[in-house]
Amino acid sequence: MFNNKLSILFLLVATTFLVSCQLEELPNENAPTLESFSEGASQADVQSLAVGLESILRNDLEFHYETVGYLGREYYDLTGTDPRYTGELLKGPLDNNGFLTTRAYSASYRVVKAANVLINAVQNSEAGFTEATKQSYFGYANTLKAYALLTVANRQYTNGIRVDVGDPDNLGSFLGYNEALVAIRNLLDEANLQLNNNSEKFDFPLAGFEDLREPSIIDPSVIAPLSPVNFIKFNRAIAARIALYQNSKSEVLNFLNESFLDLNGGMSLGVKHLFGLSGNDVANNLFYEIRSGNEFTIHNSWITDAEAGDNRVANKSTLLVNSVTSAPSPASFDGLTGTHQMALYKSNTDPVYLIRNEELILMYAEANIGTDNGVAINAINKVRNAASLPNYSGGMTDADLELELLKQRRYSLLGEGHRWIDLRRFNKLNDTSFLPLDRAGDTPIEAFPTPFAENQ
């Protein structure tokens, strides 16, 4: 779990970042400021910033996963606590100055700012870092910066994002979606080179990347510490995700070959956010306790469209029942109903994955459709079998396999931020057999608006 002191130090720095990418003075003169790290940072200071960068990735992440989940009709918030979740998000237009638009946007750019602060601190540190150690810090920071930029780019889509925000007084121009993907991939490639010019291990601890470690060369029974070379596997996995969005299947396969893809490995192998309830740690706010008035219900079609025996249904959903009679008791609000509660996370300390092996296997399958359908089917069967389903026995055309691929992504990656993006890239957002519109006035939304503050 994250070291609380390091997290506190970093969060005091990171919270100065606003939606509009401007900086604001901290009111507490005794608290750390951005300027205090710009010159002469010690090794401990830099390590604090590096640990804090991983920590801040978790902040407000529920605002991203929930909003894109609702847009993709994966699940609904039927708690009634805020009518915008069943009104504005499902009908539009989205308010460019409301929290549905700005909260996740701001969270992503706080990560970008934090990464830039870390890079600057390393460059101007008095710690006497070797060049290899500096490069490992840079590669780590740039990889997480790219991850955050990809998150916001997928939300903003054709409305564009700023990639260059290093100078708050001279922000870069907005880039369209395709341009942004190119820029983010370039940043990942730069980070990949930096990580290859690495020290033997990172100069700082990381909490959620332990699955990337490998057995020690000296003693295979011992798992070696996480190294920059191990971290490259995460970098290349994110690069593969971008190549998939760019429909560059050959590059997807090349990047996956350098990632942690394991066709015979566990589906949950991957990189994750960790949570805790002690000290200054944070809880997983995507855990929904099953109780009256707290209904976050999976879209009914996810239940009815499932194949018999698919264990993902039982693992990720819970039938809503009357607490006295145990009879089915659907939730209803604002003309919407749901029979099953979202139960992707079983506690408020369960991890949330940034990317995991099950997604990589499905990416591998998709990248092979059209060139080697047999290999694609074999990969799809890995996922089907893990869900207690028999091998695929449907049509063999590319179109047939794409539909099967979309179905497996729908069930495997429920609530992980993919369905809305998948429907958009497969041109299915306006197809009600894929994106159901449950009420008159409901409409597909393909992008979040540029926040009001960015236009000032």
Side-chain angles (χ1 to χ4, degrees), residues 142-144 146-151 153-154 157 177-193 195-196 211-212 230-271 353-384 386 392 396-413 416-428:
N142 281 325
T143 298
L144 294 192
Y147 177 86
L149 287 169
L150 180 60
T151 300
N154 279 327
Y157 192 45
Y177 186 64
N178 292 332
E179 290 178 290
L181 292 183
V182 170
I184 297 167
R185 263 189 59 180
N186 288 341
L187 183 59
L188 284 170
D189 288 342
E190 178 186 356
N192 182 38
L193 292 175
L195 292 163
N196 270 302
D211 287 355
L212 303 183
N230 300 142
F231 192 83
I232 286 172
K233 297 174 186 177
F234 169 65
N235 176 292
R236 297 292 84 184
I238 300 303
R241 185 187 277 176
I242 294 175
L244 194 75
Y245 297 157
Q246 295 173 314
N247 198 31
S248 181
K249 292 185 174 183
S250 61
E251 290 185 301
V252 172
L253 295 175
N254 289 337
F255 291 139
L256 286 176
N257 190 51
E258 301 174 40
S259 74
F260 59 90
L261 168 69
D262 184 350
L263 289 171
N264 297 310
M267 297 295 151
S268 294
L269 173 74
V271 176
Y353 284 85
L354 286 78
I355 192 166
R356 59 191 179 87
N357 194 42
E358 191 162 9
E359 181 189 346
L360 300 188
I361 293 173
L362 289 167
M363 290 167 61
Y364 180 78
E366 183 175 341
N368 276 289
I369 293 175
T371 54
D372 195 331
N373 287 356
V375 169
I377 291 171
N378 180 65
I380 287 172
N381 284 337
K382 297 287 186 182
V383 173
R384 288 180 60 87
Y392 175 71
M396 302 298 289
T397 68
D398 293 354
D400 290 329
L401 294 182
E402 284 184 351
L403 289 177
E404 173 66 13
L405 183 280
L406 271 174
K407 182 172 185 178
Q408 295 312 314
R409 286 181 65 91
R410 181 187 185 192
Y411 284 87
S412 288
L413 306 178
E416 297 184 42
H418 297 282
R419 180 65 174 174
W420 179 57
I421 298 168
D422 285 346
L423 295 182
R424 189 173 63 196
R425 65 191 182 90
F426 277 89
N427 297 314
K428 303 292 187 184

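Closest approach of Ile184 and Ala146 over heavy atoms only: CG2-O, 3.5 Å. Among all heavy-atom pairs drawn from Ala365 and Ala379, the shortest one is CB-CB, 3.7 Å. Minimum heavy-atom separation, Ser412 to Val383: OG-CG1, 3.2 Å. The shortest heavy-atom contact between Lys233 and Leu212 is NZ-O, 3.7 Å. Considering every non-hydrogen atom in both Met363 and Ala240, the closest pair reads CE-C, 3.3 Å.
Using a 4.5 Å heavy-atom cutoff, the side chains of Arg424 and Asn154 are in contact. With a 4.5 Å cut-off on side-chain heavy atoms, Val271 and Tyr353 do not count as touching. By the 4.5 Å heavy-atom criterion applied to side chains, Arg356 and Glu416 are counted as neighbours. Taking 4.5 Å as the limit, every side-chain heavy atom of Gln408 sits out of range of all side-chain heavy atoms of Leu413. Side-chain contact between Tyr245 and Leu150 is present, with at least one heavy-atom pair separated by less than 4.5 Å.
Remark: Asp400 CG to Leu405 CG distance equals 12.5 Å, nearest 0.5 Å. Here the straight-line distance linking atom CD1 of Ile242 with atom CG of Asn186 works out to 9.5 Å at 0.5 Å rounding. One finds the CG atom of Asn373 at 8.0 Å from the OG1 atom of Thr397 (value rounded to the nearest 0.5 Å). Note that CZ of Arg185 is 13.0 Å distant from CD1 of Ile238, once rounded to the nearest 0.5 Å. A distance of 7.0 Å separates CG in Asp262 from CD1 in Ile361, rounded to the nearest 0.5 Å. Rounding to the nearest 0.5 angstrom, the gap separating the CG atom in Asp398 from the OG1 atom in Thr371 is 8.5 Å.
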Working note: Ile369 + Lys249, criterion side chain to side chain contact (heavy atoms under 4.5 Å, CB included); need CA distance, chi angles, decisive distance, verdict. CA-CA 9 Å; Ile369 293 175; Lys249 292 185 174 183; 4.1 Å; yes
Does Leu256 form a side chain to side chain contact (heavy atoms under 4.5 Å, CB included) with Val252? I'd like the steps, not just the answer. CA-CA 6 Å; Leu256 286 176; Val252 172; 3.7 Å; yes
Can you list the steps and then say if Phe260 with Ile355 is a side chain to side chain contact (heavy atoms under 4.5 Å, CB included)? CA-CA 10 Å; Phe260 59 90; Ile355 192 166; 3.9 Å; yes
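With Asn196 contributing its side chain and Asn192 its backbone, the two residues share a donor-acceptor pair below 3.5 Å. When atom types are taken as modelled, the side chain of Thr151 and the backbone of Tyr147 share a donor-acceptor pair closer than 3.5 angstrom. In this structure, the side chain of Asp211 engages the main chain of Gly270 through a donor-acceptor pair within 3.5 Å. At least one donor-acceptor pair under 3.5 Å links the side chain of Asn368 to the backbone N or O of Tyr364. Here the side chain of Asn357 pairs no donor or acceptor atom with the backbone of Leu269 at under 3.5 angstrom. Judged by distance alone, the side chain of Arg409 and the main-chain N or O of Leu362 form no donor-acceptor pair under 3.5 Å.
For residues 238-248, the set of pairs meeting the salt bridge (charged side-chain N to carboxylate O under 4.0 Å, His left out) definition, not counting sequence neighbours, comprises Arg241-Glu359.
Between Glu366 and Arg425, at least one side-chain N (NZ, or NE/NH1/NH2) sits under 4.0 Å from a carboxylate O, which counts as a salt bridge. In summary, Lys382 and Glu358 do not engage in a salt bridge, as defined by a charged side-chain N under 4.0 Å from a carboxylate O. Salt bridge present: Arg236 and Asp189 bring a charged side-chain N and a carboxylate O closer than 4.0 Å.
In this structure, the salt bridge (Lys or Arg N to Asp or Glu O under 4.0 Å) partners of Arg384, at least two apart in sequence or on a different chain, are Glu307, Glu404.
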